[in-house]
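Below is one structure, written out as structure tokens, with a few remarks after it.
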Amino acid sequence: MARAYDVQAVEQKWQARWRDEGTYEVDNDDPRPPFYALCMYPYPSGPAHQGHVRNYTFGDLVVRYQTMRGKAVLSPLGFDSFGLPAENAAIRTGTHPRTFTDARIGELKESLVRLGAVYDWRREVRSHDPSYIHWTQLIFLRLLDAGLAYRRNAPVNWCPGCQTVLANEQVFADGTCERSGDPVETRDLEQWFFKITDYADELLTALDDLEWPERVKLMQRNWIGRSEGAELDLEVVGHPGLTLTVFTTRPDTTFGMTYAVMAPEHPLVEVVTTPACRAAVDELRARVASESEIERTSSGEGGPALEKRGAFTGSSVVNPFNGEQVPLYIADYVLMSYGTGAIMAVPAEDQRDWTFARLHGLPIVRTVQPPEGWDEQGGEAYTGDGAKVNSGFLDGLTVVEAKHAAIDFLEREGRGRRKVNYRLRDWLVSRQRFWGCPIPVVHCPTHGAVPVPEDQLPVLAPDDVEFLPTGQSPLALHEGFRRTTCPVCSEPAERETDTMDTFVDSSWYFLRFCDPFDADAPFGPSAAVHWMPVDQYIGGIEHAILHLMYARFVTRALVDVGVAPPDLPREPFHRLFTQGMIRMDGSKMSKSKGNLIAPARYYETVGADALRLFHLFVGPPTDDFDWTDQTDEVIDGCGRFLDRLWRLAGASSAQDGRSGAYNDADTGVRRATHRTIERVTSDIERWSYNTAVAHCMEQVNLLQRYAREDPHREVLADAVDALLLLLAPMAPHVAAELWERRHGDRLHSRPWPVHDPALVATETVTMVVQVNGKVRDRLEVPVTIGDDEAKDVALASERVSAALSGTAPARVVVRAPRLVNVVTSGA
RNA sequence: GCCCGGAUGUUGGAAUCGGUAUACAAGAUGCGCUCAAAACGCAUUGUCCGUAAGGGCGUGCGGGUUCGAAUCCCGCUCCGGGCACCA
């Protein structure tokens, strides 16, 4: 595609200037009002793909726009540089993960710089830098000291192929590993956890005040999963003094409990199972042990038939409300990790219990009267409101009333208590991997898990390790690393060989950015308070839950354990923007799917400005975008727009136009200019970048026509200047170049243009005249027109008379000055 | 199964508060410029009827509210995303 200017030369020139002049470096004592703009720091997988390009185009727009608005903008970038791919590459090729990772960082950084995205590179952080590891480890130790980090035996998803523990989100719905495709198993391991559940309630309630997409807040609320209910202590028949505690959100339905169910791993299973039932119980427990939690809780195809998923223990428990004995089962769908690991089953008011009861021939007793005709229409479990029935002292109450009355009864009788339960679980941070931040703990035969003294940090992994495809972490195999002495007694001891989940690194990097120059602390307290919270955080919707939840937790925990000052805002991200995904052939564009379109081919042809403009223009930033065969044509179109801009702005600076008084055309252009300033500004503020670009295109079209006729020299020059200012955050290279040619100075140092309200205000407006809701005429009227006059003007219209054809108006709806609707009938 | 989104010309999309449906762009067609092509410029481009003026229809489907619905309500269909036997 032949271009109007040397795109590559212009882009390289300005990128060099921004870099060499440190244009977007900002000091912590900058007197301008602070603004912290941040894109989620990327995992360095190689050169940028279109998802990155979109993300960093939006981020760069915010940085440049807020700078022109007079803010001291903190714009840092770093790399989430620990992670499994580097370790796998090491096993495959023998390259050390650091070598591999540094090369990928170089590629990614280069392609972002080539996009024209600007950062304060002095603040760059990398998770794997010893200086960063140092402070991640200090944070771990402080959490440990405060009781927020702890160790326990826990069932984990174990991938036999990767020889590693997987998070739930790394396991596909069919129970296979997302990387290797192997079936995932369950294993017990001694693991480190962070106690995020201590913050469940705060993490939930604080969501209300965040300027985040409602969708993301809703996802977090559901993830935390607060539910109010009661715990009931059920006596086990034949075991005096033994009770089984269950959690329920529907204590009002207890009269309808016809059986109870425990998780197969529940410790009481051993005690309550009778010899006659032992075989069936053991069979189920053996099967469950080899299944991942995902498989167990999946209702999808391929699982065992429902009747095979439960087994009778032979024991019974007593319903505390009516003294009846009901059978006690185990079933795989009851999880030890939620609630108490046991439930009371009320088939009439829970569909899953209904189905289970039917398959096992268990009785069903309704305790809420379903609506008229429910049974006749084939209704099964009824979960709605209604009058309580078959429920003794609760009869006649509503569900809500009965819940309170039931809990009051339980507490009075000492058989249970009010209880709030959360779905959120503690955060498993242990990883049996090499390429992560080592957990700074020493295991002593005498003193147990002993923290490494802070003056001995960082604990760094040795370089002379072997990467073998055994899956065993090289750390665990490295005698020199493992063997050490106990910090307490100096006797021989072993180092912890687990490393931390990379989500730990990404849970505080935004704080390090505030002050990465501090060699003695993770961040300076005053710098952190100065910049935090992040004013605008930008990233993909895929991080809506985990990363954002962990970062919110860690920020709070750091304040509470004293690593961060008490006046640091507890919410790290004030405003969040989640961009849509780039899809190709129906799925997310990503390296693992092999459907990447690298930006490099566009840098070499249409250039970074056109590619940026395309990403801004193609649709609402929140929406997903499907990359198709037609996409290149749209990108070329953005290049052609910049060519028109170049010809317009290049020619008009030299052109001798008219001077003196303005004619109607001049005034029209001045009004259009100020309307464009107003629209583009409000579009940027409301994240409507596609319409902001459209308004700039309209203005170029208008100015092209104006310039061709008989333009006023100053009107045209002012209009072009305004356009360049508006495009400065969107297409920064070409706008900066044109501005320099016209004025000799730096476009991006200029203040953002302000529209003149007098020029934006219109004097006349098109009034629509409808007859029975159908448009029959359009009239130019003064904006100040009153209702009466608008009605008169409308009724005087010939077209309206024709449409009425003699019928008398029954009613006239007037919304001056925009619309009059003449209604003829009562219809 | 539950929850959250979405569906507008040939295509991406616009319509910010219930008030002109389709801005802007892509594609297509025609014209100009050119020896020619590209580039550039101009024009047309929802659909049906009509020579035209003009009119009918039209925002996934079916209803409803309203003077007026792409927008609000009810019931569907399809697509995307999230969560999942969560008690």
To the nearest angstrom, how far is [X] atom [atom1] from [N] atom [atom2]?
X: L218(A); N: rG5(B); atom1: CG; atom2: C1'; result: 11 Å
X: Q579(A); N: rG81(B); atom1: CD; atom2: C1'; result: 15 Å
X: D623(A); N: rG81(B); atom1: CG; atom2: C1'; result: 12 Å
X: D626(A); N: rU11(B); atom1: CG; atom2: C1'; result: 12 Å
X: F614(A); N: rA26(B); atom1: CZ; atom2: C1'; result: 11 Å
X: L645(A); N: rC40(B); atom1: CG; atom2: P; result: 14 Å
X: M581(A); N: rC4(B); atom1: CE; atom2: P; result: 19 Å
X: L546(A); N: rG81(B); atom1: CG; atom2: P; result: 18 Å

Residue met sooner reading RNA chain B from 5', once N772(A) and A694(A) are mapped to nucleotides:
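Checking each residue's closest nucleotide, the 5'-ward one belongs to A694(A).
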
Here's a test of your reading of the structure: between G339(A) and V813(A), which maps to the more 5' nucleotide of RNA chain B?
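Closer to the 5' end of RNA chain B: V813(A).
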
Quantified in whole Å, what is the [atom1] atom distance between nucleotide [N] and nucleotide [M]?
N: rA70(B); M: rG19(B); atom1: C1'; answer: 13 Å
N: rA25(B); M: rG46(B); atom1: P; answer: 15 Å
N: rU47(B); M: rU59(B); atom1: P; answer: 15 Å
N: rC74(B); M: rC67(B); atom1: C1'; answer: 22 Å
N: rU8(B); M: rG12(B); atom1: C1'; answer: 12 Å
N: rU22(B); M: rG58(B); atom1: C1'; answer: 11 Å
N: rC35(B); M: rG50(B); atom1: C1'; answer: 44 Å
N: rA21(B); M: rU16(B); atom1: P; answer: 14 Å

At under 4.0 Å between heavy atoms, what does [X] touch on the DNA or RNA strands: base, sugar-phosphate, or nothing?
X: N701(A); answer: sugar-phosphate
X: L819(A); answer: base
X: E214(A); answer: nothing

Check whether any side-chain N or O of [X] sits under 4.0 Å from OP1 or OP2 of [N], and answer yes or no.
X: R423(A); N: rA84(B); result: yes
X: R644(A); N: rA39(B); result: no
X: R640(A); N: rA26(B); result: yes
X: Q704(A); N: rG41(B); result: yes
X: N690(A); N: rA14(B); result: yes

Which nucleotide in the list [options] gets nearest to the side chain of [X]?
X: R815(A); options: rC67(B), rA87(B), rA26(B); value: rC67(B)
X: V334(A); options: rC24(B), rA87(B), rC67(B); value: rA87(B)
X: T691(A); options: rG19(B), rU16(B), rA15(B); value: rA15(B)
X: R811(A); options: rC24(B), rA26(B), rC67(B); value: rC67(B)
X: T249(A); options: rA87(B), rA25(B), rG19(B); value: rA87(B)
X: N821(A); options: rA25(B), rG27(B), rG68(B); value: rG68(B)
X: V634(A); options: rA87(B), rC24(B), rA25(B); value: rA25(B)
X: R708(A); options: rG41(B), rU20(B), rC24(B); value: rG41(B)
X: W223(A); options: rA21(B), rG12(B), rA84(B); value: rA84(B)

Answer yes or no: does atom NZ of K419(A) have more than 12 heavy-atom neighbours from other residues, nucleotides or ligands under 6.0 Å?
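No.
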
RNA chain B in dot-bracket form (Watson-Crick or G-U pairs under 3.5 Å, [ ] crossing, | inter-strand) is (((((((..(((......[....)))((((((.......))))))((((....))))..(((((..]....))))))))))))....

Can you tell me whether the base of rC17(B) sits syn or anti, using the 90° cut around 0 to define syn?
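The base of rC17(B) is oriented syn (glycosidic angle within 90° of 0).
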
Syn or anti for rG9(B)? Use the chi torsion, O4'-C1'-N9-C4 for purines and O4'-C1'-N1-C2 for pyrimidines, with syn inside 90° of 0.
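Base orientation: syn.
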
Please determine if [X] and [Y] form a salt bridge, counting it only when a charged side-chain N lies under 4.0 Å from a carboxylate O.
X: R815(A); Y: D787(A); answer: no
X: K217(A); Y: E214(A); answer: yes
X: R3(A); Y: D643(A); answer: yes

Pair [X], [Y]: side-chain N/O donor-acceptor within cut-off below 3.5 Å:
X: N319(A); Y: T254(A); result: no
X: D632(A); Y: Y602(A); result: yes
X: T245(A); Y: E231(A); result: no

So, does T57(A) use its side chain to make a donor-acceptor pair with the main chain of V53(A) at under 3.5 Å?
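Side chain of T57(A) to backbone of V53(A): a pair is present.
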
Any donor-acceptor pair under 3.5 Å from S801(A) side chain to S797(A) backbone
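Side chain of S801(A) to backbone of S797(A), a donor-acceptor pair under 3.5 Å: yes, one is there.
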
Would F625(A) and F614(A) count as a ring-ring contact (aromatic ring centres under 6.0 Å, His included) here? Give the steps.
CA-CA 12 Å; F625(A) 173 74; F614(A) 157 76; 5.7 Å; yes

Hey, is the side chain of R818(A) pairing donor to acceptor with the base of rG19(B) inside 3.5 Å?
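A donor-acceptor contact between them is absent.
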
According to the interplanar angle, ranging from 0 to 90°, do the rings of F577(A) and W687(A) count as parallel (below 30°), tilted (30 to 60°) or perpendicular (above 60°)?
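Plane angle under 30°, so parallel.
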
Could you walk me through whether Y329(A) and F356(A) pass ring-ring contact (aromatic ring centres under 6.0 Å, His included), step by step?
CA-CA 11 Å; Y329(A) 281 74; F356(A) 190 91; 5.6 Å; yes

Using nucleotides 53-57 of chain B, report all nitrogen or oxygen pairs with the protein that are shorter than 3.5 Å.
| from | atom 1 | to | atom 2 | distance (Å) |
| --- | --- | --- | --- | --- |
| rG56(B) | OP1 | R776(A) | NH2 | 3.2 |

Determine whether D233(A) and R415(A) satisfy the following criterion, salt bridge (Lys or Arg N to Asp or Glu O under 4.0 Å), listing intermediate values before the conclusion.
CA-CA 5 Å; D233(A) 302 322; R415(A) 298 294 182 85; over 6 Å; no

